[in-house]
Protein chains: 2
Amino acid sequence: MKKSDLSVSNLTKNFNEALILSILFLEPKHGYQIALEIEEKSEGLFKFNHGTLYPILHKLEKEGLIKGDWEADSPKRKRKFYAITSIGKKHMKNQYREWENLTNHFFNIIGEVNK
Amino acid sequence: MKKSDLSVSNLTKNFNEALILSILFLEPKHGYQIALEIEEKSEGLFKFNHGTLYPILHKLEKEGLIKGDWEADSPKRKRKFYAITSIGKKHMKNQYREWENLTNHFFNIIGEVNK
DNA sequence: GAAAATATATAGAGCTTCTATATATCTGAG
DNA sequence: CTCAGATATATAGAAGCTCTATATATTTTC
């Protein structure tokens with residue numbers, strides 16, 4: 001089971017994982033679709049390299065936070081749909097609180113530049 | 001000159017640099033002191049490994065964002081005091097706006113988990 | 001006088017992301 | 001109908017950053 005610690009040493013990793021898990025909260029989606037939605041919702045600010053995205057999905061599945069299944073309907077076009085698990089939901093809700101805490105402390109410090 | 005782009009691929013690096021530059025906005029400080037203040041102000045949440053801190057300071061100095069000078073008063077105890085440069089201030093103010101933009105978009109997406 | 005805290009520095013291991021490459025299907029323009 | 005571009009997944013190797021460990025030396029505290 002994944003540790004819910006949001007360590008500062010791998011912010012990007014935790015950031016990317018949080019985005020993916022949040023996108024899957026609504027409904028199952030496949031990798032390519034996840035990347036597109038994150039890009040759209042962030043107005044082009046967050047872009048996933050596919051070479052980064054897929055290994056993360058594999059890792060999240062291995063950790064039991066998401067579960068992937070190859071599309072049943074069309075056997076030719078291979079698309080793997082990922083659904084967030086109950087463990088994944090619990091983990092992500094906890095992560096949200098940790099991100100809130102982290103950003104609050106962060107802006108408390110860097111807010112100095114506006115004084 | 002340093003690019004002010006806040007890329008998602010190295011959030012931790014940008015995060016650490018922002019903390020250091022913000023701490024130096026008030027007055028010049030030496031490395032060890034910077035690490036302590038960040039730890040205090042974050043209530044222990046952000047801790048710098050010294051093996052991480054010093055290389056960052058060297059890099060920021062090389063980029064002209066900070067300027068380091070060995071303490072004049074006590075020649076025995078070696079402490080290098082870093083002051084933020086005008087370029088560093090400008091850079092950091094820009095970074096603040098970019099962090100605001102990034103976190104706004106981020107929480108807009110991960111806020112889904114609370115609905 | 002000894003231990004702990006202060007203070008800086010670097011080397012090497014480990015992890016993550018990036019770029020590049022490979023493969024294959026589907027869609028739309030011409 | 002053909003070809004280009006978009007869709008879709010995957011992995012290998014390069015590059016970059018942080019971590020741990022180690023080294024050195026001074027100052028403070030007991």
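Everything numeric here is computed off the predicted structure, so don't read it as measured data. Convention: sequence-line order gives letters A, B, ...; per-chain numbering from 1.
When rounded to the nearest whole Å, the span between CD of B/E40 and C1' of C/dT6 equals 14 Å. Whole-Å rounding puts the B/K47 NZ to D/dT20 C1' distance at 16 Å. Rounded to a whole Å, the NZ atom of B/K78 is 12 Å from the P atom of C/dT10. Regarding B/F15, its CZ atom lies at a distance of 23 Å from the P atom of D/dG16, rounded to whole Å. Taking atom CZ of A/F48 as the reference point, atom C1' of C/dC18 lies 13 Å away to the nearest angstrom. As rounded to whole Å, 13 Å separates atom P of C/dT25 from atom CH2 of A/W70.
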Filtered N/O pairs between nucleotides 14-16 of chain C and protein, under 3.5 Å:
from   : atom 1 : to    : atom 2 : distance (Å)
C/dT16 : OP1    : A/K13 : NZ     : 3.4

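Listed by chain and number, the residues in a ring-ring contact (aromatic ring centres under 6.0 Å, His included) with B/F81 are B/H30 (sequence neighbours excluded). Remark: B/N104 pairs with no residue by the side chain to side chain donor-acceptor pair (under 3.5 Å) rule, at least two apart or across chains. A/S7 meets the side-chain contact (heavy atoms from CB on, under 4.5 Å) test with A/S9, A/N10; sequence neighbours excluded. Under the ring-ring contact (aromatic ring centres under 6.0 Å, His included) criterion, A/F106 pairs with B/F15, B/W99, not counting sequence neighbours. Scanning for side-chain contact (heavy atoms from CB on, under 4.5 Å) contacts around B/K80 gives B/E61, B/W70, B/Y82, with sequence neighbours left out. Partners of B/E43 by side chain to side chain donor-acceptor pair (under 3.5 Å), not counting sequence neighbours, listed by chain and number: A/H105. Among residues two or more places apart in sequence or in another chain, the side chain to side chain donor-acceptor pair (under 3.5 Å) test is passed with A/T103 by none.
Applying the salt bridge (charged side-chain N to carboxylate O under 4.0 Å, His left out) test to residues at least two apart or on different chains, the pairs with a partner in residues 99-115 of chain B are B/E112-B/K115. Sorted by first then second residue, the side chain to side chain donor-acceptor pair (under 3.5 Å) pairs that include residues 44-58 of chain A, not counting sequence neighbours, number zero.
At a non-hydrogen distance threshold of 4.0 Å, A/H50, A/G51, A/Y54, A/P55, A/H58 from residues 49-58 of chain A come into contact with DNA chain D. Using a 4.0 Å cut-off on heavy atoms, the residues of residues 27-39 of chain A that approach DNA chain D are A/H30, A/G31, A/Y32, listed by number.
Put simply, the side chain of B/Q95 never gets that close to the backbone of B/A18: no donor and acceptor are under 3.5 Å apart.
With DNA chain D read from its 5' end, the first of the two nearest nucleotides for A/K80 and A/V8 is the one closest to A/K80.
Nearest heavy-atom pair across B/A35 and B/L53 is CB-CD2, 3.9 Å.
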